[in-house]
Amino acid sequence: MPEPLIEFSRLPDEIWFTRCPVPTATGIAYKLGWLTQAFKADGVAVRTLQESGSELGRHHYDHRLPTLIREGGNMLAIAARAQGEPTKLVGLTWIEESQLILARPDSGIRSAADLKGKRLALPGWSHNDIPSHVRGTSIARGMSLAGYKGVLASAGLTLDDVDLIETPDRLRNIGGAGRDLQPRGPGQRSGVGRLWSIEALVEGKVDAIYVKGAAALDQARENGLVVAIDLDALPDPRFRVNNGTPRPITVHQSLIDDHFDLLARFFAVTLRAADWVKEQPNRLGEILEYETEGSAQAVDQAYARLHEGLHPTLDTDRLALFDLQKKFLFTHGFLDADFTLADWIDPRPLEAAHALNAQTPAFV
């Protein structure tokens, strides 16, 4: 009898990746041209949802694209898994990115203890163009609530010690759930940095608001607001756990099953980018201004310690902090269901990427 034919898995035409408008090793590797070059000889295109200009942008939220690699906020990644999407957690980064409580200059708020009895803005639930993901995509609400919980806990306070004032969902006002996935040219902003209830604070409807990232620093400066509390200065990392800390890297299960070698190569390139940043952190200005939609001044302020956290790990401490965030999201109604974190983790792609870089030091 003839031997059975061996079927080789056909290379995909393209690998997709997506990231939030924050610093990531993935985004940096792409802007440097390294990811494109790494797959060019195989005829595999590397494409990003942010520049696709197509209907595929929704997959930033639901992760229903088989060759998609996602490095971004944990709310969407955890929500997609909670809704049953076949994804795997393959890495976690921790990047301090200017989590702040803003106030008016005359507020008298100078520390976490000063928040007791104050009115804090809580963005409303999102109503967007992905109905099944309303809870998971209420990003501003989730980040604000987690930020307040952390900073209050640092002073021995709880959410019961403040008044949460619901403010309009700005995500809806700037274009719905797909607005940050639209292609943008030089100088164009997606609007993601405009999530926060600045108007409510300026107009005196609330006493303080939570904000995050470089673009928010620009917005605060434009409106004459001051930094009342810097969450990055809180010594216990538990008080800084939020949507971006830790930040997960997730992949579709089929990418692991069908194209593991390509995934390992992709991951290896991003690790190289993290090495590059650590070795020369001062060469990132223009890339970060594009990735974060912030000014040069805001980028310098928000991401001064970027080079310390771009390398992904799955170490015990980072996973424990990530589990705290998952439990927070479930407790406060941001998830459709809970799930066991250990069942979501697959360490093999990260291990393979490290091995690949060790074997081929001139990989990029």
Side-chain angles (χ1 to χ4, degrees), residues 20 73-76 78-79 97-104 107-109 111-128 133-174 176-177 179-180 191-213 215-217 219-220 223 225-231 234 238-245 324-336:
C20 296
N74 59 50
M75 285 187 65
L76 296 179
I78 294 172
E97 52 183 348
S98 198
Q99 296 190 74
L100 307 169
I101 302 297
L102 300 182
R104 295 182 301 279
S107 70
I109 301 174
S111 69
D114 295 333
L115 292 175
K116 187 172 183 178
K118 296 296 192 292
R119 302 166 300 162
L120 309 183
L122 181 63
W125 292 99
S126 295
H127 299 282
N128 52 54
H133 288 66
V134 168
R135 290 196 290 180
T137 58
S138 296
I139 300 171
R141 185 182 183 92
M143 282 194 283
S144 296
L145 197 60
Y148 297 146
K149 180 177 180 290
V151 73
L152 289 168
S154 74
L157 302 173
T158 72
L159 293 170
D160 291 334
D161 292 305
V162 299
D163 292 324
L164 296 175
I165 307 299
E166 190 158 285
T167 57
D169 166 38
R170 299 206 60 197
L171 182 61
R172 184 177 189 178
N173 295 337
I174 57 177
R179 86 272 177 253
D180 62 323
V192 76
R194 308 288 166 167
L195 291 175
W196 316 109
S197 307
I198 294 290
E199 296 90 345
L201 180 56
V202 172
E203 295 168 4
K205 297 177 181 178
V206 298
D207 301 309
I209 62 171
Y210 167 91
V211 300
K212 190 267 295 181
L217 284 169
Q219 196 176 9
N223 287 274
L225 303 174
V226 299
V227 175
I229 306 165
D230 182 354
L231 274 70
L234 300 177
R238 292 177 300 170
F239 301 144
R240 305 196 298 278
V241 170
N242 210 306
N243 182 46
T245 44
L324 289 178
Q325 172 71 350
K326 181 181 72 70
K327 291 174 180 176
F328 164 83
L329 293 174
F330 179 68
T331 301
H332 289 275
F334 292 93
L335 303 182
D336 288 2

Exercise. Could you check Q99 against N242 for side-chain contact (heavy atoms from CB on, under 4.5 Å), going step by step and ending with a plain yes or no?
Key: CA-CA 9 Å; Q99 296 190 74; N242 210 306; 3.3 Å; yes

Quiz item: Nearest 0.5 Å, what's the CG-NZ distance between L157 and K149?
Solution: 13.0 Å

Quiz item: Considering the options D207, N223, I109, which one meets the side chain to side chain contact (heavy atoms under 4.5 Å, CB included) requirement together with R104?
Solution: D207

Quiz item: Checking side chain to side chain contact (heavy atoms under 4.5 Å, CB included) against L225, which of V211, L100, L217, L201 comes through?
Solution: L201

Quiz item: When you look at F334 and L145, which way does the side-chain contact (heavy atoms from CB on, under 4.5 Å) test go after all the steps?
Solution: CA-CA 11 Å; F334 292 93; L145 197 60; 4.2 Å; yes

Practice problem: Please determine, by modelled atom types, if S111 and D114 share a side-chain donor-acceptor pair under 3.5 angstrom. | Solution: yes

Quiz item: Closest heavy-atom contact between V151 and L115?
Solution: CG1-CD1, 3.7 Å

Self-check item: Atom pair CG/CZ of D336 and F330 - distance to nearest 0.5 Å
Solution: 10.0 Å

Exercise. Answer whether the closest heavy-atom distance between the side chains of I165 and L122 falls below 4.5 Å.
Key: no

Quiz prompt | Between CG on residue D161 and CG on residue L159, distance to nearest 0.5 Å | solution = 8.5 Å

Practice problem: Scan Q325, H332, K327 and name whichever one has a side chain to side chain contact (heavy atoms under 4.5 Å, CB included) with L329. | Solution: Q325

Exercise. Determine the interplanar angle of the Y210 and Y148 rings, folded into 0 to 90°, and report it as parallel if under 30°, tilted if 30 to 60°, perpendicular if over 60°.
Key: perpendicular

Quiz prompt | Heavy-atom closest pair, residues S154 and L234 | solution = OG-CD2, 3.9 Å

Quiz item: How long is the gap from OG on S144 to CD1 on I139, to the nearest 0.5 Å?
Solution: 11.5 Å

Exercise. Apply side-chain contact (heavy atoms from CB on, under 4.5 Å) to I209 and I101, showing your working.
Key: CA-CA 6 Å; I209 62 171; I101 302 297; over 6 Å; no

Quiz item: Would E166 and R141 count as a side-chain contact (heavy atoms from CB on, under 4.5 Å) if you check the C-alpha gap in whole Å, the side-chain angles of each, and the deciding distance to 0.1 Å?
Solution: CA-CA 9 Å; E166 190 158 285; R141 185 182 183 92; 2.8 Å; yes

Practice problem: First locate atom CG of L164, then atom NZ of K118, and finally report the distance between them rounded to the nearest 0.5 Å. | Solution: 14.5 Å

Quiz item: Just wondering, do V206 and D163 contact through their side chains at under 4.5 Å, heavy atoms?
Solution: no

Self-check item: Close side-chain approach of R238 to L324, heavy-atom, < 4.5 Å
Solution: yes

Self-check item: Closest heavy-atom pair and its distance - S197, A121
Solution: CB-CB, 3.9 Å

Exercise. Look at the side chain of N243 and the backbone N and O of G142, then say whether any donor-acceptor pair between them is shorter than 3.5 Å.
Key: no

Quiz item: What are the two closest non-hydrogen atoms of Q219 and W196, and how far apart are they?
Solution: OE1-CD1, 4.3 Å

Exercise. State, to 0.1 Å, how close W125 and S138 come at their nearest heavy-atom pair, and which atoms those are.
Key: CE3-OG, 3.2 Å

Quiz prompt | Point-to-point distance, once rounded to the nearest 0.5 Å, from CG of D230 to OG of S98 | solution = 6.0 Å

